[in-house]
Number of protein chains: 2
Amino acid sequence: MRVLGVDPGLTRCGIGVVEGVAGRPLTMLGVGVVRTPADAEIGMRLVAIEQGIEAWLDEHKPELVAVERVFAQHNVRTVMGTAQASAVAMLCASRRGIPVALHTPSEVKAAVTGSGRADKAQVGAMVTRLLRLAAPPKPADAADALALAICHIWRAPALNRLQQAHAAARPSRIPATAPVRKVPR
Amino acid sequence: MRVLGVDPGLTRCGIGVVEGVAGRPLTMLGVGVVRTPADAEIGMRLVAIEQGIEAWLDEHKPELVAVERVFAQHNVRTVMGTAQASAVAMLCASRRGIPVALHTPSEVKAAVTGSGRADKAQVGAMVTRLLRLAAPPKPADAADALALAICHIWRAPALNRLQQAHAAARPSRIPATAPVRKVPR
């Protein structure tokens with residue numbers, strides 16, 4: 001599967017595209033950052049992020065967009081910009097019918113380093129190793145976006161099983177035991 | 001001037017359109033709420049809000065969009081959704097080249113009631129009086145959106161003077177005293 005990871009931010013919005021399946025070597029298809037000037041008007045910054053993300057979606061046509069889940073309690077100063085940039089990323093994906101998955105920073109760190117409290121350097125080192133890159137992607141936002149995509153590819157099988165279990169447990173409108181009626185030709 | 005006010009929210013996004021100038025009776029051109037189901041996927045909710053706001057912009061063609069400024073410290077539970085809905089509103093306006101103005105809840109309350117700590121009922125009562133409506137607009141989000149638009153119309157002259165003062169004080173690339181060079185025909 002091809003996943004586009006987004007580490008949302010107004011000043012630097014990290015983007016990373018990874019292709020692969022759990023249990024096999026992964027391939028990096030692209031990595032970069034959408035930047036907007038800190039002194040620009042907020043609406044114009046959101047338009048620039050929208051245009052940047054649209055260009056990445058056009059080029060890589062991902063099957064899924066993985067976005068970092070933003071929490072209100074972290075970094076109160078920057079959290080609003082992060083929430084707004086993440087909204088633009090989710091909007092761009094959903095408008096094209098591309099499913100969106102959210103992962104918390106600790107889920108991402110745990111997926112790529114084994115520890116939910118790993119630091120940026122550790123995440124960068126593991127992303128470099130897992131994608132067989134010559135050097136860690138810079139800036140850290142770009143590496144984080146790749147880590148998000150890797151995290152999703154690895155967690156997807158477990159998440160799918162969970163979703164199926166939830167769906168099976170939920171009372172559906174058509175009972176699962178209802179006989180399949182064949183439509184005569 | 002015609003102002004579209006947005007009281008951002010994922011479940012209920014209040015919209016109100018007011019026309020007028022400071023010091024003259026104001027006219028309400030429209031009021032309503034864009035709703036999205038709480039159990040829908042977040043990306044799809046943002047797409048629904050975008051479509052709703054686009055329809056309001058198409059219909060009323062405002063000169064300015066006034067959006068409530070969201071603070072991280074208030075209502076931590078709902079602040080992320082509010083920030084995301086406000087991002088969509090600002091994006092829709094800026095994409096069309098419509099200027100965006102942000103006002104805090106206390107600025108809005110102070111503008112329409114005289115007190116920055118007025119309650120919802122007081123804001124609703126003043127909106128009803130100022131726009132000469134038969135009854136307070138429901139739900140409160142719709143009344144708040146109208147209050148935002150009124151606040152902007154009343155604050156705009158002062159804000160413009162401030163902006164002009166800032167621009168005059170800032171060293172510009174072309175000195176204000178530079179002679180105007182006439183291009184010969």
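These figures come from a predicted structure and were not determined experimentally. Sequence lines set the chain letters: A, B, ... in the order given, protein chains first and strands last, and positions in each chain run from 1.
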Applying ring pair (Phe, Tyr, Trp, His ring centres under 6.0 Å), which residue pairs with at least one partner in residues 10-37 of chain A are found, sequence neighbours left out? none

Do B/L91 and A/L91 come close enough that some side-chain heavy atom pair is under 4.5 Å? yes

Would a hydrophobic clustering, with Ile, Leu, Val, Met, Phe, Trp and Tyr connected at side-chain separations under 4.5 Å, put A/I15 with A/I49? yes

At a heavy-atom distance under 4.5 Å, which candidate from A/S94, A/A83, A/G97 has the highest pair count against chain B? A/S94

Going only through I, L, V, M, F, W and Y residues with side-chain contacts under 4.5 Å, is there a path from A/L148 to A/I53? no

Side-chain contact test, heavy atoms from C-beta onward, threshold under 4.5 Å: evaluate it for B/L102 versus A/I42 and give yes or no. yes

Would you say B/M80 and A/V6 are hydrophobically clustered, going by side-chain heavy atoms of ILVMFWY under 4.5 Å? no

4.5 Å side-chain heavy-atom contact, B/Q84 and A/M90: yes

Might you point out which heavy atoms bring A/V100 and B/E41 nearest each other, and give the distance in Å? CB-OE2, 3.8 Å

Comparing B/E50, B/M44, B/Q51 against chain A, the one with the most heavy-atom pairs below 4.5 Å turns out to be B/E50

Given a strict heavy-atom distance threshold of 4.5 Å, which part of B/S86 is in contact with chain A: side chain, backbone, both, or neither? side chain

Other than A/L130, what residues sit in its cluster of Ile, Leu, Val, Met, Phe, Trp and Tyr side chains whose heavy atoms are under 4.5 Å apart, directly or through others? A/M1, A/V3, A/V18, A/L26, A/M28, A/V31, A/L64, A/V112, A/V123, A/M126, A/V127, A/L131, A/L133, A/L146, A/I150, A/I153, A/W154

